[in-house]
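What follows is a short report on a single structure.
Chain letters run A, B, ... following the sequence lines, proteins first and then strands; every chain starts at 1. All values below were derived from every heavy atom in this structure, side-chain atoms included, with hydrogens, water molecules and symmetry-related copies excluded. These numbers were taken from a predicted model, which means no experiment stands behind them.
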2 protein chains.
Amino acid sequence: MTTDSRSAPTAPSSLPRPLLTERQEARRRRILQATTRLATRGGFDAVQMREVAESSNVALGTLYRYFPSKIHLLVATMQDQLQQLHETLRKRPLTDEDPAARVAQTLMRAFRAMQREPHLADAMVRALTFADRSVSSEVDTVSRLTTAIILDAMGPAGASGPPTPEQLSAVRVIEHTWHSALITWLSGRASIAQVKIDIETVCRLIDLTNPNSPR
Amino acid sequence: MTTDSRSAPTAPSSLPRPLLTERQEARRRRILQATTRLATRGGFDAVQMREVAESSNVALGTLYRYFPSKIHLLVATMQDQLQQLHETLRKRPLTDEDPAARVAQTLMRAFRAMQREPHLADAMVRALTFADRSVSSEVDTVSRLTTAIILDAMGPAGASGPPTPEQLSAVRVIEHTWHSALITWLSGRASIAQVKIDIETVCRLIDLTNPNSPR
DNA sequence: CGCTAATCTAGAACAAGTTTCAGACTGAGT
DNA sequence: ACTCAGTCTGAAACTTGTTCTAGATTAGCG
């Protein structure tokens with residue numbers, strides 16, 4: 001069984017994934033690449049397990065051994081993409097004074113990345129929110145990654161100590177808003193501008209939990 | 001055949017649903033009832049189209065004529081339930097001074113209703129967030145209903161004029177948080193207490209947009 | 001009443017996610 | 001190199017959402 005639990009890898013690379021041989025790691029990579037490719041083309045529906053298997057030169061059964069369901073597969077893909085995003089963001093940190101502004105800008109960067117590949121975004125986000133309990137640990141990993149990105153934006157480098165519980169609540173709410181706003185955008189019920197407003201609105205909560213300059 | 005000839009629900013005005021004969025209205029009702037029953041038992045997965053059809057004495061093809069997909073069916077169910085909730089809430093309005101507190105309390109009432117039937121909640125919420133563009137108008141209806149409930153809680157009776165754009169943004173963010181927090185709860189990644197905190201946290205945005213007492 | 005179009009029914013058929021199975025392959029220990 | 005357990009493959013089977021078809025029913029309407 002894949003009882004896969006570990007702590008977040010603070011250092012870049014070196015993810016403590018249960019020991020895989022080189023060929024297995026390569027298979028896993030191929031699968032994720034094929035998934036990304038198919039998702040980029042046609043979104044959630046275009047990621048068909050048979051096609052992913054064929055496209056990555058792996059038997060269907062093997063695909064299911066690596067990822068026990070389509071949802072698992074897409075959530076893993078999201079984890080992959082987020083990891084990349086996180087490193088990209090680390091490279092060019094924002095310099096704005098206001099933490100709230102930095103967070104909003106960071107999320108808008110991520111949002112622009114999604115706009116570049118809306119189908120891929122669709123596949124990943126739909127999988128993420130459709131996931132049931134059987135995927136909770138994987139979804140949780142994605143969630144922790146997202147939290148890390150937001151916290152990075154909030155308190156750059158060695159900021160003043162660990163975040164307060166209040167701040168963590170604010171971050172959770174920001175994450176909620178982020179996910180849900182994405183969904184409304186993906187399903188065509190909200191414009192890009194509206195998503196921007198929502199993000200900026202919710203980021204005001206950060207000011208609210210920052211004793212230094214509340215409003 | 002249950003030729004059930006009870007009087008029409010006291011609901012003020014049914015929406016302009018394209019003219020249906022009485023038998024058709026009855027069929028529609030049976031379908032929604034069966035759906036609710038099945039969803040209450042086992043959540044999203046337990047709502048199987050063949051079972052819904054059989055359970056409501058309707059052919060599978062007919063079911064699909066009434067609701068073009070499982071997602072449509074569940075979103076319609078949610079609309080139904082929300083409508084009921086809305087009326088229940090109207091009957092016993094909250095009296096708290098603070099608008100933010102009223103909204104938070106209202107959402108917690110709704111949340112408690114969901115806790116009573118977690119499977120049903122699962123089915124409806126999962127459908128709602130999984131819905132793609134083909135369901136957007138129906139999802140939008142649900143969204144408007146939710147907004148109405150929140151606005152009701154915010155400005156009871158004839159409050160001071162229509163809400164400002166800022167307030168509407170806050171409401172949208174609250175809705176985002178509400179949906180996403182529900183999902184994390186349903187998938188077992190957040191406790192009831194945490195959902196409560198998130199709701200209360202996001203509701204602070206209301207104070208922030210209320211010029212009278214911003215902290 | 002008798003006609004016509006729309007609707008409904010039963011059931012088969014199809015699509016894609018998931019499971020299963022027999023046999024081939026790999027790799028770690030001897 | 002030999003063997004055994006675990007892994008991978010190819011293919012079929014199973015499940016459930018969705019579509020399709022032919023014939024029965026129903027609702028209006030002259």
**Report entry** Nucleotide nearest B/Leu60 when distance is taken to its side chain, options D/dT19, C/dT18, C/dT9
**Finding:** D/dT19

Report task. Tell me which nucleotide among D/dT9, D/dG17, C/dC8 gets nearest to the side chain of B/Met49. Result -> D/dG17

Query raised in the report: With nearest nucleotides of DNA chain D determined for B/Pro68 and B/Arg27 from heavy-atom distances, which residue corresponds to the more 5′ nucleotide?
Result: B/Pro68

Report summary line: Here the distance between atom C1' of C/dC8 and atom CD of B/Glu22, to the nearest Å, is 18 Å

Query - Under 3.5 Å: donor-acceptor pair, side chain of A/Ser187, backbone of A/Ile183 - result: yes

Query raised in the report: Within the structure shown, what part of the strands sits under 4.0 Å from A/Val47 by heavy-atom distance: base, sugar-phosphate, or nothing?
Result: sugar-phosphate

**Report entry** Any donor-acceptor pair under 3.5 Å from A/Arg30 side chain to A/Ser56 backbone
**Finding:** yes

Query raised in the report: Any sub-3.5 Å donor-acceptor pair from B/Ser55's side-chain atoms to B/Val52's backbone N or O?
Result: no

Report task. Between D/dG17, C/dT9, D/dC8, spot the one nearest the side chain of A/Arg65, thanks. Result -> D/dC8

**Report entry** Interatomic distance, A/Glu54 CD vs C/dG17 C1' [rounded to whole Å]
**Finding:** 16 Å

Listed pairs, N/O of protein and of nucleotides 24-30 of chain C, under 3.5 Å:
none

Query raised in the report: Taking the six-membered ring of B/Tyr66 as reference, does the NZ or CZ atom of B/Arg27 fall below 6.0 Å from its centre and within a 45° cone about the axis?
Result: no

**Report entry** Lys/Arg N to Asp/Glu carboxylate O, A/Lys196 vs A/Glu200, below 4.0 Å
**Finding:** yes

Report task. Select base, sugar-phosphate, or nothing to describe what A/Phe67 touches, counting heavy atoms under 4.0 Å on all strands. Result -> nothing

Query - Separation of D/dG17 C1' from B/Tyr64 OH (nearest whole Å) - result: 4 Å

Query raised in the report: Starting at CG of B/Leu38 and ending at P of D/dT16, how long is that distance when rounded to a whole Å?
Result: 13 Å

Query raised in the report: With respect to the phosphate group of C/dA6, does any side-chain polar atom (N or O) of B/Gln24 fall under 4.0 Å of OP1 or OP2?
Result: no

Query raised in the report: More than 12 non-hydrogen atoms from neighbouring residues, nucleotides or ligands closer than 6.0 Å to CD on A/Gln84, yes or no?
Result: yes

Requested in this report: Look at the side chain of B/Asp122 and the backbone N and O of B/Phe44, then say whether any donor-acceptor pair between them is shorter than 3.5 Å.
Outcome: yes

Query - Residue A/Thr62, side-chain heavy atoms: nucleotide from C/dG17, D/dT9, D/dG17 that is nearest - result: D/dT9

**Report entry** Polar side-chain contact B/Arg50-D/dT18 base: donor and acceptor under 3.5 Å
**Finding:** yes

**Report entry** Separation of C/dA16 P from A/Ile71 CD1 (nearest whole Å)
**Finding:** 16 Å

Requested in this report: May I ask you to decide if A/Ala181's main-chain N or O and A/Thr184's side chain share a donor-acceptor pair within less than 3.5 Å?
Outcome: yes

Requested in this report: Calculate the interatomic distance between A/Gln48 atom CD and D/dG17 atom P; express it in whole Å.
Outcome: 17 Å

**Report entry** Between P of D/dT19 and NZ of B/Lys70, the distance in whole Å
**Finding:** 15 Å

Query raised in the report: Which nucleotide, C/dT9, D/dG17, D/dG10, lies nearest any side-chain atom of A/Ala59?
Result: D/dG10

Query raised in the report: How close or far is atom P of C/dA10 from atom CG of B/Leu63, stated in whole angstroms?
Result: 13 Å

Query raised in the report: Are any of A/Tyr66's side-chain N or O atoms less than 4.0 Å away from OP1 or OP2 of D/dT7?
Result: no

